[in-house]
Visitor: 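Can you read through this structure? Questions will come right after.
We're numbering straight along the sequence, starting at 1.
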Amino acid sequence: MHPRSSRLRLNLGLYLAAALAFAVVGCKGKPAPEPAATPSAESPQPVAQAKDDRPVIVAFGDSLTAGYGTDAGNSYPDFLEKDLAAKGFHYHVVNAGISGNTTKDGLDRLDDVLALKPVLVIVAFGGNDGLRGLPIDSTRKNLDQIVSTLQHAGTRVVLGGITLPPNYGADYIRQFNETYGLLAKQYHVPLLPFLLQDVYGATGSMQADGIHATAQGNQQVARNLLPLVTPWLHKN
């Protein structure tokens, strides 16, 4: 796995651009081949995995959802599942975050999400659209279709928003920011306007690159979303 290098040079005041820039970065690579198995009478037999019958929540987004740069088990969806369980909500939170995804990529993956039959989906796209300067109308159309399709399938939706740094122009930023509020109002869905709320600037919450949240930061993202998610769930 190796991200494409970003040529953006940002100061502290433009941290969000950096976060979005890395959200755009995709990872490509070839998995190392597994060593050939050596036949042995003492080789352990594979153990069947127990079926997970818990209802499904899907965290659907880009690298901020995927937990880029943290160890397995340290993304915000992982922490959200643990936080829910601690409160008596036993749900399986599926991480459907992919680095570099735009709203169009999310729309293209929507059937895969629906196939999981989720009771709730956290939709957190748009940052990569903004960073690339894609037309606001296109971003809104894609997000609208994602949210409306999920609701039509009987799935609850929570929106996670993002914003852009000042150098993208006041008018573009205003329209971009309004996108999330308009969708939340139109479809009557809970909205977290800034996914990284209380993460950037908090000691130990950002990685050394100043771009991605650490495990501690992802814990905070989960806490940000928890009060928006629980009203739609049932203790089980």
Visitor: Walk me through it: do Asn74 and Phe79 pass the test side-chain contact (heavy atoms from CB on, under 4.5 Å)?
Guide: CA-CA 7 Å; Asn74 287 324; Phe79 290 116; 3.4 Å; yes
Visitor: With a 4.5 Å cut-off on side-chain heavy atoms, are Thr149 and Leu114 touching?
Guide: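 A side-chain contact exists here, since the closest heavy-atom pair is under 4.5 Å.
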Visitor: Check the pair Asp62, Tyr68 against side-chain contact (heavy atoms from CB on, under 4.5 Å), reporting the backbone distance first and the verdict last.
Guide: CA-CA 9 Å; Asp62 50 37; Tyr68 183 88; over 6 Å; no
Visitor: Side chains of Ser75 and Asp78: do they bring a donor and an acceptor to under 3.5 Å?
Guide: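 Asp78 and Ser75 do have a side-chain donor-acceptor pair below 3.5 Å.
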Visitor: Val229, Trp232: one ILVMFWY side-chain cluster at the under-4.5 Å cut-off?
Guide: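 Same cluster: Val229 reaches Trp232 through Ile, Leu, Val, Met, Phe, Trp or Tyr contacts under 4.5 Å.
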Visitor: Just wondering, do Arg156 and Val119 contact through their side chains at under 4.5 Å, heavy atoms?
Guide: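 Val119 does not reach Arg156 side chain to side chain.
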Visitor: Working to the nearest 0.5 angstrom, can you tell me the gap between Leu196 CG and Thr163 OG1?
Guide: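 If I round to the nearest 0.5 Å, the distance is 11.5 Å.
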Visitor: For Leu195 versus Ala124, what's the shortest heavy-atom pair and its separation?
Guide: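 Of all heavy-atom pairs spanning Leu195 and Ala124, the closest is CD2-CB, 4.2 Å.
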Visitor: Do Tyr180 and Pro193 have side-chain heavy atoms sitting under 4.5 Å apart?
Guide: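 Contact flag for Tyr180/Pro193 side chains = no.
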Visitor: Grab the two heavy atoms, one from Pro166 and one from Ile173, that are nearest each other, plus how far apart they are.
Guide: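 Result for this residue pair: CA-CD1, 3.7 Å.
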Visitor: Do the side chains of Arg174 and Asp171 get close enough for a salt bridge, i.e. N-O under 4.0 angstrom?
Guide: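 Answer for the salt bridge query: yes.
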Visitor: Could you walk me through whether Asp144 and Tyr187 pass the side-chain hydrogen bond (donor to acceptor under 3.5 Å, both in side chains) check?
Guide: CA-CA 9 Å; Asp144 184 286; Tyr187 290 102; 2.9 Å; yes
Visitor: Please give me the minimum heavy-atom distance between Tyr76 and Ala59, naming the atom from each residue.
Guide: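 Taking Tyr76 first and Ala59 second, the nearest heavy atoms are OH-CB, 3.5 Å.
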Visitor: Carefully, step by step, assess Val158 and Leu192 under the rule side-chain contact (heavy atoms from CB on, under 4.5 Å).
Guide: CA-CA 8 Å; Val158 170; Leu192 177 64; 5.8 Å; no
Visitor: Could you report the tightest heavy-atom contact between Leu228 and Pro190, atom names first, then the distance?
Guide: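 Closest approach of Leu228 to Pro190: O-CG, 3.9 Å.
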Visitor: Please tell me if the side chains of Ile122 and Leu80 come closer than 4.5 Å, counting only heavy atoms from C-beta onward.
Guide: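 Heavy-atom side-chain distance check passes, below 4.5 Å.
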Visitor: How about Gln220 and Asn224: do any of their side-chain heavy atoms sit closer than 4.5 Å?
Guide: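 In short, these two side chains touch, coming nearer than 4.5 Å.
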Visitor: What are the two closest heavy atoms between Pro55 and His90, and how far apart are they?
Guide: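 Closest approach of Pro55 to His90, heavy atoms only: CD-O, 3.7 Å.
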Visitor: Rounded to the nearest 0.5 Å, what separates atom NZ in Lys235 from atom OG1 in Thr230?
Guide: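 Going from the NZ atom of Lys235 to the OG1 atom of Thr230 covers 9.0 Å.
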Visitor: Stepwise, does the side-chain hydrogen bond (donor to acceptor under 3.5 Å, both in side chains) test hold for Asp129 with Thr102?
Guide: CA-CA 6 Å; Asp129 297 54; Thr102 63; 4.5 Å; no
Visitor: Would you say the side chain of Val189 lies within less than 4.5 Å of the side chain of Leu183, judging by non-hydrogen atoms?
Guide: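 Of all side-chain heavy-atom pairs linking Val189 with Leu183, none is under 4.5 Å.
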Visitor: Any side-chain heavy-atom pair from Arg109 and Ile98 closer than 4.5 angstrom?
Guide: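 Side chain of Arg109 against side chain of Ile98, heavy atoms only: contact under 4.5 Å found.
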Visitor: Taking C-beta and beyond as the side chain, do Arg140 and Glu178 meet within less than 4.5 Å on heavy atoms?
Guide: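 Arg140 reaches Glu178 side chain to side chain.
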Visitor: Given the rule that I, L, V, M, F, W and Y join up when any side-chain heavy atoms are under 4.5 Å apart, are Ile57 and Val94 in one cluster?
Guide: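 Ile57 and Val94: one cluster.
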Visitor: Quick check: does any side chain N or O of Thr214 sit under 3.5 Å from a backbone N or O of Gly217, one acting as donor and the other as acceptor?
Guide: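 The answer is yes, because a donor-acceptor pair under 3.5 Å joins these two groups.
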Visitor: Checking the side chain of Gln216 only, and the main-chain atoms of Thr203 only, is there a donor and an acceptor separated by less than 3.5 Å?
Guide: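 A pair under 3.5 Å: yes.
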Visitor: What are the two closest non-hydrogen atoms of Asp83 and Ala222, and how far apart are they?
Guide: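 Residues Asp83 and Ala222, closest heavy atoms: OD2-CB, 3.8 Å.
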Visitor: Is atom CD of Gln175 surrounded by more than 12 heavy atoms (other residues, nucleotides or ligands) closer than 6.0 Å?
Guide: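 Correct, the count exceeds 12.
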Visitor: Walk me through it: do Thr65 and Phe60 pass the test side-chain contact (heavy atoms from CB on, under 4.5 Å)?
Guide: CA-CA 7 Å; Thr65 297; Phe60 192 30; over 6 Å; no
Visitor: Could you give the distance from NZ (Lys104) to CG (Leu107), rounded to the nearest 0.5 Å?
Guide: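 Output value for this atom pair is 6.5 Å.
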